Amino acid sequence: MIGLKKLTMLRNFLICIFLLFFCLPEHAQAQEKKKILILNSYHQGLSWTDNIVKGIKESLKAMENSIDYYIEYMDTKRFYGDKYFEKIFNLMKQKYSGIKFDLIIVSDNDALLFTMKHYQRLFYEIPVIFCGINNFNDSLIEKYRKWFTGVAEETDVRGTLDIALKLHPNTQRVYIINDITTTGLAMKKGLLEIFPEFSNKISFIMLENPDMKELQKEVEKIPPKSIILLLLVNRDKTGNFFAYEESLDLLYPHTNSPIYSVWDFYLGRGIIGGKLTSAFLQGKKAGELALQVLQGKSPSEIPVVKESPNEYMFDYNELKRFNVSLNRLPKESRIINLPESFFVKYRKTLTMITLIFIGLSLVIVILTINISKRKKIEEELRISEEKYRDLYDNAPDMYHSVDKNGIIIECNETEAKMLGYKKEEIIGKPITYFMTEESKKAQAEFFPNIEKYSFIQVERDFIRKDGSVFTASLNVYVEVDEKGNFVKTKTIGRDITYRKQIEEELRKSREALRKLSVYLQNIRENERKEIAKEIHDELGQSLTALKLSLSWIKKRVEDEFLNKKLTIVNALIKQVQNISNRLRPSLIDYLTLEDAIMWQVKEFERNTSIVCNVDIAEHGIKLSKNVSLTLFRIFQETLTNIARHANATEVDIKMFRSEASILLIIKDNGIGISDEKIKSPESFGLMAMRERAYSINATLDIHRSYEGGTEIIISVPVRNND
């Protein structure tokens with residue numbers, strides 16, 4: 001039995017050696033994969049978009065095993081509008097709210113504009129690489145240049161005309177086919193700028209925005225010594241839409257003239273070639289910039305590639321058809337459909353045969369060497385197995401495995417000691433045998449669905465042999481066979497009884513502190529109420545009596561000094577009223593929260609000159625005095641913070657009812673609060689606001705608005721009949 005086991009181990013070892021040399025795998029240490037989002041303006045299946053994605057992946061091929069790609073298509077050639085983009089934004093927010101991307105690559109203008117519009121809310125401070133951008137200028141990304149760089153897209157009509165006339169020196173006429181789409185009109189504008197350079201050599205005939213059937217007849221009539229410059233035919237004058245390749249497929253059978261273009265998606269479908277704008281090269285160049293960013297370089301350090309990476313590209317079949325010699329092409333030209341030599345054609349096969357021969361030779365040598373080392377390997381394996389068993393049994397944590405019936409099939413000595421049993425007393429029993437009744441119920445609900453998980457963490461209460469109970473945190477790893485059927489669990493457990501006790505004590509302590517905070521706030525409010533009442537009733541009445549006496553005297557005695565004293569008394573009465581209201585606004589006790597807010601807004605505007613826009617959608621909102629007062633105090637603290645820190649000129653205040661909640665939203669246009677300030681344990685004002693909200697079961701959300709400034713949202717749950 002032992003000899004068979006050793007032979008099996010040796011066989012597995014030799015297979016590993018064979019695969020090592022025969023298959024030549026690349027060895028790379030496991031590392032966390034980079035997350036890259038590729039956001040395309042157009043749809044999957046459009047050759048332009050598909051080739052951009054291919055180009056990106058080509059440049060990042062060396063890192064493909066360490067990259068997770070997330071690819072999205074906005075499909076804006078077929079769908080457009082603000083509502084559609086808003087749906088895309090909501091979908092992106094829902095899908096990727098929990099994912100931190102290392103890099104974002106966007107293709108074409110719509111994706112770039114969408115990314116800039118929602119950058120702060122979706123992708124803040126994530127590097128962005130763009131490509132395929134028409135009419136690029138630096139001002140387009142000036143606001144986000146710190147995080148953005150990329151590749152501009154330009155067509156080279158002059159370069160295409162130059163090479164076409166060089167290859168066909170007897171050309172007398174150039175027929176230009178173009179539509180009147182946005183891109184087509186932009187290309188026409190560039191074409192008109194270079195017409196004067198060629199006007200003395202050739203004649204230009206524009207076939208612009210024709211009906212496709214008429215265009216087919218027109219190209220049949222093109223006379224000899226003419227060439228065709230195909231720009232774009234995405235839409236004809238009847239409104240029919242054509243994919244890039246489809247328009248050329250419809251025209252090619254009807255012409256005997258050489259066709260040139262500025263786009264690589266026409267190559268291989270009937271054009272000779274030209275100085276072509278390549279989606280693949282756009283993506284490849286963007287991938288090269290992305291590689292620099294992934295290697296630690298900041299986008300602000302990488303210049304925008306403003307010269308579009310266009311190339312001379314030609315189709316060998318069309319060159320041959322029109323008797324154009326390869327020697328006349330630019331040296332840097334790329335040629336497709338070029339016939340391959342025997343070695344090039346069968347290069348992969350010849351390479352594989354050579355590698356097989358070398359691999360087999362290496363296997364023979366390795367087998368010869370390993371036969372002499374077999375005994376040594378067997379001894380090392382035996383020692384390794386003993387070390388593993390010793391480590392398994394004496395580990396500080398409990399280990400066990402459970403089969404599909406919930407029966408323990410293996411456990412270590414540590415678990416046996418923790419339960420107070422011997423291993424043989426544990427193995428063969430259901431795992432629930434050692435659990436409390438509550439944990440048995442939880443296990444009964446959980447275990448039948450365990451095949452859904454590869455890993456899960458649960459907590460269970462176990463009963464020792466002596467009857468004592470302890471809580472264990474279990475890390476459960478699920479092992480399945482090649483068909484995906486559950487085989488067993490591999491579970492690591494740790495006694496967390498003491499930690500649970502500490503957590504419970506902390507929870508109780510935190511709850512006690514919150515109750516104390518609420519109690520102190522109530523005491524403070526009562527004290528303010530009493531002080532405000534005394535100031536209003538005692539001091540206010542005395543000053544009022546004094547005012548009445550002075551007024552009585554004034555009616556009988558004309559005295560300038562007496563008039564001044566009466567003015568001072570009036571100011572004192574006003575000041576006493578303000579102090580009383582600041583301590584405890586009487587509006588809260590006798591009117592509504594809405595009235596108190598409006599009073600506070602007027603005071604705030606008077607003291608700060610900051611404009612407040614108030615919108616209370618539903619008047620007469622009724623809340624308890626305690627809830628109203630707490631909301632008012634939070635509102636006061638918010639305005640105080642805006643006056644002190646925001647540097648704002650305007651504040652928007654909204655209060656309305658939404659389903660089962662009352663929402664109070666305060667938003668300023670100031671400098672905005674930082675994340676560090678929100679999370680700082682020294683932000684006592686914010687902490688007090690949160691505790692006040694907690695005391696009335698409300699939620700408080702403080703965040704920096706992507707439009708600028710700070711926004712605070714208080715949501716108070718209310719019953720339907722409130």
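In what follows, every heavy atom counts, from backbone to side chain, and hydrogens, waters and symmetry copies are set aside. Since the structure is predicted, the reported quantities are computational estimates derived from the model, not experimental observations.
- In this structure, Gln216 contributes its side chain and Leu250 its backbone to a donor-acceptor pair below 3.5 Å.
- Ring pair Tyr119/Tyr144 is perpendicular by interplanar angle, where above 60° counts as perpendicular and below 30° as parallel.
- Side-chain contact between Glu311 and Ser278 is absent, with no heavy atoms from C-beta onward closer than 4.5 Å.
- In this structure, the side chains of Leu140 and Leu112 come closer than 4.5 Å at one or more pairs of heavy atoms.
- Taking the six-membered ring where the residue is Trp, Phe114 and Phe85 present tilted rings, their angle falling between 30° and 60°.
- A donor-acceptor distance shorter than 3.5 angstrom exists from the side chain of Thr160 to the backbone of Asp156, with no hydrogens or angles considered.
- Ring pair Trp147/Phe123: centre-to-centre distance not below 6.0 Å.
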Check against side chain to side chain donor-acceptor pair (under 3.5 Å), Asp108 and Ser41: CA-CA 6 Å; Asp108 297 288; Ser41 295; 4.8 Å; no
Please report the C-alpha distance between Asn134 and Glu153 in whole Å, then the side-chain angles of each, then the deciding distance to 0.1 Å, and finally whether the side chain to side chain donor-acceptor pair (under 3.5 Å) criterion is met. CA-CA 5 Å; Asn134 300 111; Glu153 175 198 322; 3.1 Å; yes
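- At least one side-chain heavy atom of Leu326 sits under 4.5 Å from a side-chain heavy atom of Tyr316.
- Relative orientation of the His118 and Phe89 rings is parallel, given thresholds of 30° and 60° on the angle between their planes.
- Under the 3.5 Å distance criterion, the side-chain polar atoms of Asn310 are matched with a main-chain donor or acceptor of Glu154.
- No side-chain heavy atom of Pro339 sits less than 4.5 Å from a side-chain heavy atom of Lys320.
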